[in-house]
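Quick caveat: nothing in here was measured; it's all calculated off a predicted structure. All residue numbers refer to positions in the sequence shown, counting from 1.
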Amino acid sequence: APVVFPSISFNHRGFGIMAMGGYALNGSHQEVDLSIYYANDYISIAVSDYFYPTAVGSKDTYFNFKGSENGHWLETCMTLTHPKVPIWATVSTYFAGADKNPEGKQGWSSYAELGYSHTFNENNTVSVVAGAALNKSFYTDFNAGFNVVNIALKYSRTFTLGKCFLPLSVSYIINPYKNKSYLTFS
């Protein structure tokens, strides 16, 4: 189903806050994301709270942070880049919230990815990404450790409409661990 992702952010001197919502037009998915971050030309560091209403049942209200009733996923993420090299490396870990292993303990689900992008004709970018689960985690249903879970090819183009910009993209994504592929438009 098509999903709408409205967002708002504010940043000043590299520090920022962001709020985003995700809403499937057929009602099958909802989320509310809040992040604080710092970014410069070489590094970005963020702490995010992803909230999925009713992801764990009818008791997961926004201000309920109790163990198995918790619909929040708290993550810390770091990305390394260089302004003159179109390569990036990201590592992230869920450190609190609903990321629980089968024993009900914090799952510490961790992920890393390497990416490359090439920009051409000013408004066009092609990116290639490979990402892996670093441990037994929700990425592998807590059944396996290190595994490639994301291989993606993305084409992006930004259209200029007067003083406004409209970024559009299409991605082909493969999850080799789950033997799934996806085509997304945004």
Here the gap from Met78 atom CE to Thr90 atom OG1, rounded to the nearest 0.5 Å, amounts to 9.0 Å

Under the salt bridge (charged side-chain N to carboxylate O under 4.0 Å, His left out) test, which residues partner Asp49, sequence neighbours left out?
none

Euclidean distance, Asn150 CG relative to Tyr177 OH, rounded to 0.5 Å:
15.5 Å

Asn26 atom CG, neighbour heavy-atom count above 12 within 6.0 Å
yes

Rounded to the nearest 0.5 Å, how far does CG of Asn123 lie from OG1 of Thr160?
5.5 Å

4.5 Å side-chain heavy-atom contact, Val129 and Lys154
no

Distance flag, aromatic centroids of Tyr42 and His82, threshold under 6.0 Å:
yes

Kindly determine whether Tyr37 and Ile17 satisfy side chain to side chain contact (heavy atoms under 4.5 Å, CB included), including the steps that lead there.
CA-CA 6 Å; Tyr37 59 88; Ile17 58 174; 5.7 Å; no

Counting neighbours of CD1 on Ile8 that are heavy atoms of other residues, nucleotides or ligands and sit closer than 6.0 Å, is the number greater than 12?
no

Glu75 side-chain N/O to Phe95 backbone N/O, donor-acceptor pair under 3.5 Å:
no

Which value, rounded to the nearest 0.5 Å, describes the distance between Leu183 atom CG and Ile173 atom CD1?
8.5 Å

Going only through I, L, V, M, F, W and Y residues with side-chain contacts under 4.5 Å, is there a path from Phe185 to Val126?
yes

Identify whether Ile45 and Leu80 are in the same connected component of the hydrophobic contact network (ILVMFWY, side-chain heavy atoms under 4.5 Å).
yes

Test the Arg157-Tyr155 pair against the cation-pi criterion, namely NZ or CZ under 6.0 angstrom from the six-membered ring centroid and within 45° of the ring axis.
no

Under a 3.5 Å distance rule, please check whether Tyr172 uses its side chain to pair with a backbone N or O of Leu153 as donor and acceptor.
no

Can you measure from OG1 (Thr79) to CH2 (Trp88) and round to the nearest 0.5 angstrom?
9.5 Å

Indicate yes or no for a side-chain donor-acceptor contact from Asn175 to the backbone of Lys178 under 3.5 Å, with no hydrogens or angles considered.
yes

Check whether the side chains of Ser117 and Ser127 place a donor and an acceptor atom closer than 3.5 Å, and report yes or no.
no

Using distance only, find each side-chain donor-acceptor pair of residues 163-171 under 3.5 Å and give its atom names and separation, not counting sequence neighbours.
| unit_1 | atom_1 | unit_2 | atom_2 | d |
| --- | --- | --- | --- | --- |
| Ser169 | OG | Ser186 | OG | 2.6 |

Plane angle bin for Tyr62 and Phe51 - parallel if under 30°, tilted between 30 and 60°, otherwise perpendicular:
perpendicular

Find out whether Glu31 and Phe5 are in side-chain contact, i.e. whether some heavy atom of one side chain is under 4.5 Å from a heavy atom of the other.
yes

Evaluate the side-chain proximity of Asn179 to Pro176: yes if any heavy-atom separation is below 4.5 Å, no if none is.
no

Sidechain-backbone polar pair: Asn135 side chain, Trp108 backbone, donor-acceptor under 3.5 Å:
yes

I would like to know whether Arg13 and Tyr38 meet side chain to side chain contact (heavy atoms under 4.5 Å, CB included); could you show each step before the answer?
CA-CA 9 Å; Arg13 296 186 179 181; Tyr38 172 76; over 6 Å; no

Is Phe63 reachable from Leu34 through a run of I, L, V, M, F, W or Y residues, each pair having side-chain heavy atoms under 4.5 Å apart?
yes

Hydrophobic cluster membership, with links at side-chain heavy-atom distances under 4.5 Å among I/L/V/M/F/W/Y: are Phe120 and Val128 in one?
yes

Check the angle between the aromatic planes of Trp73 and Phe138 and answer parallel, tilted or perpendicular using the 30° and 60° thresholds.
perpendicular

Ignoring hydrogens and geometry, is there a side-chain-to-backbone donor-acceptor pair from Thr81 to Asp41 under 3.5 Å?
yes

Give, for atom CD1 of Ile174 and atom OG of Ser181, the distance between the pair rounded to the nearest 0.5 Å.
6.5 Å

Main-chain N/O of Lys105 paired with Asn101 side-chain donor or acceptor, under 3.5 Å:
yes

Show, in sequence, the C-alpha distance, side-chain angles and deciding distance for Tyr23 and Val3, and conclude whether the side chain to side chain contact (heavy atoms under 4.5 Å, CB included) test is met.
CA-CA 5 Å; Tyr23 304 95; Val3 178; 5.6 Å; no

Is it possible for you to say whether Tyr111 and Tyr94 belong to one hydrophobic cluster, with membership spreading through side-chain heavy-atom contacts below 4.5 Å?
yes

Begin from the C-alpha positions of Lys136 and Asp141 and carry the test salt bridge (Lys or Arg N to Asp or Glu O under 4.0 Å) through to its verdict.
CA-CA 8 Å; Lys136 281 189 176 182; Asp141 303 317; over 6 Å; no

Please assess Thr125 against Thr119 for the test side chain to side chain donor-acceptor pair (under 3.5 Å), listing each intermediate value before the final yes or no.
CA-CA 4 Å; Thr125 303; Thr119 301; 3.2 Å; yes

